[in-house]
Amino acid sequence: MAGNTLLEVKNLTIRYETEDGVVQALNDVDIKIGVGETLGIVGETGAGKTTLAKGIMRLIPSPPGKITSGEVLYMGKDLLSLSMKEMQEIRGQHISMIFQDPMTSLNPVLTVGEQIMEVIEQHNNLKPQEAQKQAEDMLERVGIPAERFGEYPHQFSGGMKQRVVIAIALACNPRLLIADEPTTALDVTIQAQVLDMIHKLKAENHTSMILITHDLGVVAQNCDCVAIVYAGEIVEYGNLREVYKNTSHPYTEGLFGSIPSLTSDVRRLQAIEGMMPDPAKMPEGCKFYERCKYAFKECKQSIPPMTAIGGTHQVRCFRYTDHDKSGKGGK
Ligand SMILES: Nc1ncnc2c1ncn2[C@@H]1O[C@H](COP(=O)(O)OP(=O)(O)OP(=O)(O)O)[C@@H](O)[C@H]1O
Ligand SMILES: [Mg+2]
């Protein structure tokens, strides 16, 4: 973990109050990101990844969403206590986000150049000519010729549009970029290109990043640390080596069993049996209990605490605590 912490999320808990009940989308989440560092957030659909990202940005739709507790410390300041105006300054200038459905985040009636310029003008006091020059530079940096400044989104391919979205997100040189599955909608070959590009731009500017993905291969290639999220909780956390070499949570074990490894022979895909619990009816104990082959009685009764198992590596599993491990198979 880098010495200089840029962002620290503490005990963040977020609910959605819907007609069907209260969805516990995020429960007591802690993360920490150093300057220039990339944290990967991995978990299956509905795990709470986007909720975490939007919580940091204060973009949880309310209602139905509600941040019920926690802190989001950016350079030591709690973003949750800022006014909307102060928060707007943070967004874009300090923290920017690439949304999960980036293709819809472009405005069809503005040229791509205008959209990049808009962000630059919003945050800097520049003459239009200077802003245009910067926007053109930004286009070039994401691999789009500056001559295409005056074209509209529909004139670009999916991969190119995604580059534009990235140009917009990086136009103000944010200290932290939150990328929510930035390449999921793209072809595999374009995915790699776009990720390489983000990686390069990030390194040039010492930008920190939160990279949300389903893909453990993407994490391996882009992240320093990784947080595995299951049913709204982080179940395993640590630097890449620790988590990949010493995979400890039964859920992470399952995930690693179900992806083709990039370094060894491609393994057969093996899905984890069972389903994530309904977030409107969360079980009392460990959320992974029903799917866990190691579960014992205690696991059903209380939520295991995050337990340090060496270095930065932490696991939310009673197998690593000194709890009573009797009653195996006692489901
Ligand atoms: N606006 C909302 N209203 C009600 N429930 C919501 C809302 N947004 C998210 N949820 C619920 O919160 C939980 C977490 O959703 P979230 O979108 O954060 O998951 P995710 O990990 O990003 O999933 P995916 O991989 O599919 O993007 C889910 O159960 C989801 O149905
Ligand atoms: Mg999501």
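First listed ligand is number 1; within each ligand, the first listed atom is number 1.
Take the Mg ion (ligand 2) and draw a sphere of radius 2.8 Å; the protein N/O/S atoms inside it number 2.
Here the heavy atom of the protein found nearest to atom 17 (O) of ligand 1 is Thr50 CB, 3.8 Å. When only non-hydrogen protein atoms are considered, atom 14 (C) of ligand 1 lies nearest to Gly46 O, 3.4 Å. Protein heavy atom nearest atom 27 (O) of ligand 1, with residue, atom name and distance: Gln100 NE2, 2.6 Å. In terms of protein heavy-atom proximity, atom 25 (O) of ligand 1 is closest to Lys49 NZ, 2.7 Å. The nearest heavy-atom contact from the protein to atom 26 (O) of ligand 1 is Thr45 OG1, 2.4 Å. Taking atom 6 (C) of ligand 1 as the reference point, the nearest protein heavy-atom neighbour is Tyr16 CD1, 3.4 Å. For atom 16 (P) of ligand 1, the nearest protein heavy atom (residue, atom name, distance) is Thr51 OG1, 3.6 Å.
Residue pairs meeting the ring pair (Phe, Tyr, Trp, His ring centres under 6.0 Å) criterion with at least one partner in residues 64-91, sequence neighbours excluded, are Tyr74-His94.
Taking only nitrogen or oxygen atoms, main chain and side chain alike, Thr18 does not reach within less than 3.5 Å of ligand 1. Residue Ala47 places at least one N or O, backbone or side chain, under 3.5 Å from an N or O of ligand 1. Between Pro279 and ligand 1, no N or O atom pair is found at a separation short of 3.5 Å. The N/O atoms of Val23, backbone and side chain alike, include none that comes under 3.5 Å of an N/O atom in ligand 1.
Cation-pi geometry between Arg291 and Tyr251 is not met at under 6.0 angstrom from the ring centre and within 45 degrees of the axis.
Within 4.0 Å of atom 31 (O) of ligand 1, not a single protein heavy atom is present.
In this structure, Gly48 has a heavy atom closer than 4.0 Å to ligand 1. Heavy-atom separations between Pro64 and ligand 1 include at least one value shorter than 4.0 Å. Contact annotation: Glu181 has at least one heavy atom less than 4.0 Å from an atom of ligand 1.
Applying the 4.0 Å criterion to heavy atoms of His214 picks out, from ligand 1, the atoms 25 (O).
Looking at Ile303 and Glu233, their side chains come closer than 4.5 Å, going by heavy atoms from C-beta outward. Counting only heavy atoms from C-beta outward, the side chains of Val29 and Tyr237 never approach each other to under 4.5 Å.
Checked by atom type and distance alone, the side chain of Glu236 pairs as donor or acceptor with a backbone atom of His249 at under 3.5 Å. In this structure, the side chain of Thr13 engages the main chain of Asp28 through a donor-acceptor pair within 3.5 Å. Between the side chain of Asp215 and the backbone N or O of Gly217 there is at least one donor-acceptor pair closer than 3.5 Å. Judged by distance alone, the side chain of Thr307 and the main-chain N or O of Pro305 form a donor-acceptor pair under 3.5 Å.
Under the 4.5 Å side-chain contact rule for hydrophobic residues, Val22 and Ile14 do not share a cluster. A continuous path of hydrophobic side-chain contacts links Met87 to Ile56 [ILVMFWY only; heavy atoms under 4.5 Å].
Using a cutoff of 4.0 Å between basic side-chain nitrogens and carboxylate oxygens, Asp137 and Lys133 are scored as salt-bridged. A salt bridge is absent between Lys32 and Glu37: the closest approach of a Lys/Arg side-chain nitrogen to an acidic carboxylate oxygen does not fall below 4.0 angstrom.
The aromatic rings of Phe318 and Phe296 lie tilted to each other, with the angle between the two planes from 30° to 60°.
Judged purely by distance below 3.5 Å, without hydrogens or angles, the side chains of Thr50 and Gln100 pair a donor atom with an acceptor atom.
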